[in-house]
There are 2 protein chains.
Amino acid sequence: MAKRGAALDMAVLGLLHEAPMHGYELRKRVNALLGWGRVLSYGTLYPCLKQLLRNGLIAPDTTQTLSGSPGGITGRRARIVYKLTAEGKEHFAQLLAQSGPSSWDDDTFDVHFAFFARTDAQTRVRILEGRRNRLEERLEGVRVALARTRERVDKYTLALQQHGLESVEREVRWLNELIDTERSGAGHDAVAPPRSRPRRSQRRQHPIK
Amino acid sequence: MAKRGAALDMAVLGLLHEAPMHGYELRKRVNALLGWGRVLSYGTLYPCLKQLLRNGLIAPDTTQTLSGSPGGITGRRARIVYKLTAEGKEHFAQLLAQSGPSSWDDDTFDVHFAFFARTDAQTRVRILEGRRNRLEERLEGVRVALARTRERVDKYTLALQQHGLESVEREVRWLNELIDTERSGAGHDAVAPPRSRPRRSQRRQHPIK
DNA sequence: GCCACGATGTATCGTTACGATACATCGCTC
DNA sequence: GAGCGATGTATCGTAACGATACATCGTGGC
């Protein structure tokens, strides 16, 4: 169950793992994390939060300190802060450890990668290699197709396909570098210490194509 | 009206402009054209065709020669071949000439670019520059955000964002080269002669991120 | 001969994600 | 003290998609 939106689930869980947060902040952090283009809609986020609530993976956090607020105890306006439950932490750890096609697909890979700092080195390499292999499969197919059509398409179509090809080739090289680094610096810091506190930021998503 | 799916509409119209085609073939051609990842579903294509039919932009083509079929007149199995109507051609030309935000957005740009061979030089430059400017706006925002968070995120998040940044920078350079070419080779072949006949091919779509 | 299987082909249904939107409060500036 | 942009929660209509069903063709194996 809950096959769809697994990437979003993981992103939310991972961010709440760092610190409790409310929906609005969560949206910004998710956009910053895997942003560059498609912006996460509330129509996607809130239903997701509801489902996670139902499944008991997250829960409202009633103990909110309102730190930084000048007036002291002055009530901020109504907001719902969520925090991870024990089940949520367990489920997230489970998501982190799993490496399969679900970690290599386009949307999902980014989320997995974003939480590499909490992933063990073995899984990291497996995910990176899976991703690279998948891209290379595609490259092979595209190269064949390109060779077959090369002389029959106009120069713009050709340029577009060529540019796409080079983009993927570039990503493969990037992955290879990461894999090498991972292998050579074997067994270094698997988990980074959490930063002081979440901050806001904004980015846009890049589609490249 | 018909704001959504404008990219798909344009792709279908443009492909049918080259040669009449049936749905199955159309799907393959569209995937090859702006493929690399997301695959066009029949659940998307057929409703689109229906709407274009309703709007009178395409029509069933009853005069099908079945060339290449060995048995001569032997009937191929049932299939619906679509062709552009006069209104369709006019509408397509209109889509080609328009350059605005709708030509710069992620999905739409590819389609516009794919039909550059039928677009006049002036519009080509306007679209390319619009696209580049949009990407540079994003870049600026991302660079600021990156500078603000640089020291507070783990190296994997940083690597991911860095790679995304470089991908977009690379695309900007690509666009600049195209613009230069367009300006220097001013007024060259605006329209390429159509190729003999459509052929099949298959590719996947690349998302890069 | 015929049967299995993959490619070709059209079509719809249920779910999901998302854009648009509504509504409310806060804090700022003019 | 009014206007306005940021902060916040929430839902609704619909376009897009994955899955699936169904049918025919070509072919290769037995």
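Here is the naming used below: chain letters follow the sequence lines, and residue numbers restart at 1 for every chain.
Between B:Leu158 and B:Asp154 there is no side-chain heavy-atom pair separated by less than 4.5 Å. No side-chain heavy atom of B:Leu135 sits less than 4.5 Å from a side-chain heavy atom of B:Phe109.
Within the structure, every side-chain polar atom (N or O) of B:Lys28 is placed at least 4.0 Å from both OP1 and OP2 of C:dA7. Between A:Tyr24 and the phosphate of D:dT7, there is a side-chain N or O to OP1/OP2 separation shorter than 4.0 Å. A:Tyr46 has no side-chain polar atom (N or O) that falls below the 4.0 Å cut-off from OP1 or OP2 of D:dA10.
The nearest whole Å value for the distance from the CG atom in B:Leu49 to the P atom in D:dA16 is 13 Å. Straight-line distance from the NZ atom of A:Lys50 to the P atom of C:dC18: 17 Å, rounded to whole Å. Residue A:Asp105 contributes atom CG, which lies 11 Å from atom P of D:dG18 at whole-angstrom precision. Atoms NE2 (B:His22) and P (C:dA7) sit 16 Å apart, rounded to a whole Å. In this structure, the CG atom of B:Asp107 is 10 Å from the P atom of D:dA16, given to the nearest Å. Rounding to whole angstrom units, CD1 of residue A:Ile80 and C1' of D:dT11 are separated by 14 Å. Counting to the nearest Å, the C1' atom of D:dG18 and the CG atom of B:Leu45 are 15 Å from each other. When rounded to the nearest whole Å, the span between CZ of B:Arg27 and P of C:dA11 equals 15 Å.
Aromatic pair A:Trp104/A:Phe113: ring centres not closer than 6.0 Å.
In this structure, A:Arg79 fails the cation-pi test against A:Tyr24, since its NZ or CZ atom is not both closer than 6.0 Å to the six-membered ring centre and inside 45 degrees of the ring normal.
Considering only the side chain of A:Ser41, C:dC18 comes nearest among D:dA6, C:dC18, D:dG18.
Base engagement by B:Gly43 is indicated by at least one non-hydrogen atom pair under 4.0 Å involving a base atom.
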